[in-house]
Amino acid sequence: MTTVVLPEEVMIQMPIPPPAMAVGSYPPPRSAVSIANYKKLMCHVDQLSKTCRASSWLESMKESSPTHLSADRDWKRRYPSALSKFDDITAASMGKKIVVFLDYDGTLSPIVEDPDSAFMTESMRAAVKGVAKHFPTAIVTGRCIDKVFSFVQLEELFYAGSHGMDIKGPTKCPKHIKAQAKSILFQPANEFLPMINEVYNLLLDKTKLIPGCKVENNRFCLSVHFRCVEEKRWSGLIEEVRSVLANYPDLRLTQGRKVMEIRPTIEWNKGKAIEFLLENLGFDNCEDILPIYIGDDRTDEDAFKVLRDRQQGFGILVKDFLLRLAEWKRSSLRNRLKV
C-alpha cells in the first residue's frame, strides 16, 4: 500500500494483522539526519537553494495548501466514503477492541483563518464524548495540549500534543481504560524546550513585518501560519524562517496545510505516539485490536504509516463517522441485553 495525503471522506483499509510489531525503546533516539549528518545535509541544501530553493518551497507550499473546490471534488471521486464502507468496518471489528485516534484541526474543527479560533461545535464534542464512552480515545495533534484541551474540554480522553511529543492520560478515567494508563505522562523532547522558546522569539521578530503571519508556540514545536499571508509574500516568509533555522541544526522544518512546522530532529511523530499509547493501553502485542485514525493533513501520514506497517486498523478522514461509530456501539449493547 502506498503512502498518500488523504482528503476528507477517505478510508484506507488495513489487511488482516500478522503478529504485532514491537514499539521499541523510549525515549527515542536522535534522528539519523541529526547532528553531523544534519549539518552536512543543510550545507548541501544551502548550495542547491541558491538557484531553486525559493521556487521549490513555493511549489511545495502551494501543493500542501489546496484552495480549489475542483481538487477536493476530484479526491472524492477517486476515493470511497468511509460512511459508505461503514458496514465493512464494523464487520472487521467483530471480536476486536477498537481504539480511536483523532486529529484536531480540520477533523474535529473547521480550518479557520485564526488558529486561536478553531473551536469545535457542541455536536462534534458530543460525538467525541459518545465514542470515548465506549472506546479508548486520543487526540493526536500538532497543537500544545493546553490549547487543544481548551477547545475539546473532555477529561476522559488521552491527549498527545506537539505532534505526539507531549502525551498525557485522562483525568477522568472511563471504566474500559486500564488504571495504569491514566497516569501516562511522556515528553521525549524536554531537552529542546529552551531552544524552541529561543527560536519562537526570533521568529516573532523576523516575521512581525509580514502581514497575516502568525507564529504559534506549541511547546515542543512551533507553527508558522501563512493562511492569511498574501501569496506574493510567501517567498520572503520562507527566507526569514530558513535564515533563523540555519543556526539550529537540531530543529527541522516540515509543512502542513498553510502552515510550516518546526520540530526537534528526534525520531518521534504522530505515528510513534500511537505506538506508545497502544503499548501503554496494553495492546502492544495484541492481534485483536482495531485502531482507527481520523486525520486530514500530511502530518497524519506518520499515523497512517503505523497502521499500514502493523497491518491493523483503518486510516480514515470523515467527521460524521464518529457519530455513526458511537451509535453502532450503543445499538450493539442494546441488542446484547435483549438476548
Side-chain angles (χ1 to χ4, degrees), residues 100-129 132 137-172 184-190 192-204 207 212-229 241 251 253-264 268-270 272-274 276-277 293-300 302-303 319 322:
V100 179
F101 301 96
L102 305 166
D103 184 25
Y104 183 76
D105 291 280
T107 300
L108 301 183
S109 73
I111 296 294
V112 295
E113 290 187 353
D114 180 5
D116 291 332
S117 300
F119 303 109
M120 68 190 305
T121 63
E122 288 301 323
S123 61
M124 180 59 77
R125 183 174 292 105
V128 175
K129 187 177 182 69
T137 303
I139 305 292
V140 185
T141 175
R143 302 272 197 151
C144 70
I145 283 183
D146 291 343
K147 171 66 75 174
V148 78
F149 181 80
S150 72
F151 288 146
V152 179
Q153 299 175 24
L154 294 175
E155 297 179 344
E156 57 266 47
L157 307 182
F158 292 87
Y159 289 88
S162 300
H163 294 283
M165 289 180 283
D166 191 6
I167 302 176
K168 292 183 180 179
T171 56
K172 178 181 178 182
I184 288 177
L185 176 62
F186 184 62
Q187 298 171 331
N190 259 324
F192 293 92
L193 279 176
M195 182 186 302
I196 289 170
N197 289 329
E198 183 176 316
V199 170
Y200 171 68
N201 289 323
L202 289 172
L203 287 173
L204 284 178
T207 62
C213 179
K214 182 178 179 62
V215 183
E216 184 179 14
N217 190 335
N218 294 309
R219 194 173 187 196
F220 294 102
C221 62
L222 303 174
S223 298
V224 181
H225 299 273
F226 59 90
R227 181 168 298 277
C228 296
V229 177
V241 172
L251 300 178
L253 182 65
T254 60
Q255 284 184 241
R257 286 168 51 173
K258 291 197 173 178
V259 61
M260 288 182 278
E261 305 276 6
I262 297 163
R263 296 186 248 171
W268 200 261
N269 50 47
K270 289 183 177 182
K272 293 289 187 181
I274 287 177
F276 177 85
L277 286 168
Y293 186 93
I294 304 178
D296 86 320
D297 199 355
R298 64 169 54 192
T299 60
D300 297 309
D302 296 321
K319 303 165 191 176
L322 293 176

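All values derive from a computational prediction rather than experimental measurement.
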Worksheet item: Do Phe149 and Leu154 have side-chain heavy atoms sitting under 4.5 Å apart?
Response: no
Worksheet entry | Worked verdict on Phe158 versus Ile184 for side chain to side chain contact (heavy atoms under 4.5 Å, CB included) | CA-CA 9 Å; Phe158 292 87; Ile184 288 177; 4.0 Å; yes
Worksheet item: Can you tell which of Asp103, Thr141, Leu322 makes a side chain to side chain contact (heavy atoms under 4.5 Å, CB included) with Leu108?
Response: Leu322
Worksheet item: What distance separates Asp114 CG from Cys228 SG, expressed to the nearest 0.5 Å?
Response: 7.5 Å
Discussion item. Just so I know, are the side chains of Met165 and Arg263 near enough to count as touching, which here means a heavy-atom distance under 4.5 Å?
Written reply: yes
Practice prompt. State, with a plain yes or no, whether a side-chain heavy atom of Arg125 is found less than 4.5 Å away from one of Val128.
Written response: no
Worksheet item: Does one side chain, of Glu261 or Thr254, offer a donor that lies under 3.5 Å from an acceptor on the other?
Response: no
Discussion item. To check you understand the geometry: which heavy-atom pair defines the closest contact between Ala138 and Leu277, and what is its length?
Written reply: CB-CD1, 3.9 Å
Item to complete: Start with the C-alpha gap between Val224 and Val259, add the side-chain angles, then the distance that decides, and say whether side chain to side chain contact (heavy atoms under 4.5 Å, CB included) holds.
Response: CA-CA 5 Å; Val224 181; Val259 61; 5.7 Å; no
Worksheet item: Between atom OH of Tyr293 and atom CG of Asp300, what is the distance when rounded to the nearest 0.5 Å?
Response: 3.5 Å
Item to complete: State, to 0.1 Å, how close Ile274 and Ala303 come at their nearest heavy-atom pair, and which atoms those are.
Response: CD1-CB, 3.5 Å
Practice prompt. State, to 0.1 Å, how close Glu156 and Ala132 come at their nearest heavy-atom pair, and which atoms those are.
Written response: CG-CB, 4.0 Å
Discussion item. Centre-to-centre under 6.0 Å for Phe220 and Phe192, is that the case here?
Written reply: no
Worksheet item: Rounded to the nearest 0.5 Å, what separation is found between the CZ atom of Arg219 and the CG atom of Asn197?
Response: 9.5 Å
Discussion item. Main chain of Ala189, side chain of Trp268: is a donor-acceptor contact present, judged purely on distance under 3.5 Å?
Written reply: no
Discussion item. Classify the ring geometry of Phe119 against Phe151: parallel below 30°, tilted from 30° to 60°, perpendicular beyond 60°.
Written reply: perpendicular
Worksheet item: Could you state the interatomic distance from CD1 (Ile196) to CG (Leu203), rounded to the nearest 0.5 Å?
Response: 11.5 Å
Item to complete: Compare every heavy atom of Leu102 with every heavy atom of Thr137, then report the nearest pair and how far apart it is.
Response: CG2-CD1, 3.9 Å
Worksheet item: Do Val199 and Asn201 come within less than 4.5 Å of each other through their side chains, counting heavy atoms only?
Response: no
Discussion item. If I take atom CD1 from residue Ile294 and atom OG1 from residue Thr107, how far apart are they, to the nearest 0.5 angstrom?
Written reply: 7.5 Å
Item to complete: Mind listing the closest non-hydrogen atom pair of Gly164 and Ala273 along with its distance?
Response: CA-CB, 3.6 Å
Worksheet item: Could you give the distance from NE2 (His163) to CG (Asp302), rounded to the nearest 0.5 Å?
Response: 9.5 Å
Worksheet item: When you check the side-chain N and O atoms of Asn218 and Ser162, is any donor under 3.5 Å from an acceptor?
Response: no
Discussion item. Does Leu222 form a side chain to side chain contact (heavy atoms under 4.5 Å, CB included) with Glu216? I'd like the steps, not just the answer.
Written reply: CA-CA 6 Å; Leu222 303 174; Glu216 184 179 14; over 6 Å; no
Item to complete: Report yes or no: does Tyr104 contribute a side-chain atom to a donor-acceptor pair with the main-chain N or O of Ala118 at less than 3.5 Å?
Response: yes
Item to complete: Flag the pair Asp116 / Lys214 as yes when at least one side-chain heavy-atom distance between them is below 4.5 Å, and no otherwise.
Response: yes
Worksheet item: Would you say Gln153 has more than 12 foreign heavy atoms packed within less than 6.0 Å of its CD?
Response: yes
Practice prompt. Taking the side chain as every heavy atom from C-beta outward, state whether Cys213 and Phe226 have any pair of such atoms under 4.5 Å apart.
Written response: no
Item to complete: Measure the shortest side-chain to side-chain distance between Asp105 and Val112 over non-hydrogen atoms and say whether it is less than 4.5 angstrom.
Response: no
Fill in: Side chain to side chain, Glu113 and His225, heavy atoms closer than 4.5 Å
no
Practice prompt. Determine the interplanar angle of the Phe186 and Phe276 rings, folded into 0 to 90°, and report it as parallel if under 30°, tilted if 30 to 60°, perpendicular if over 60°.
Written response: parallel
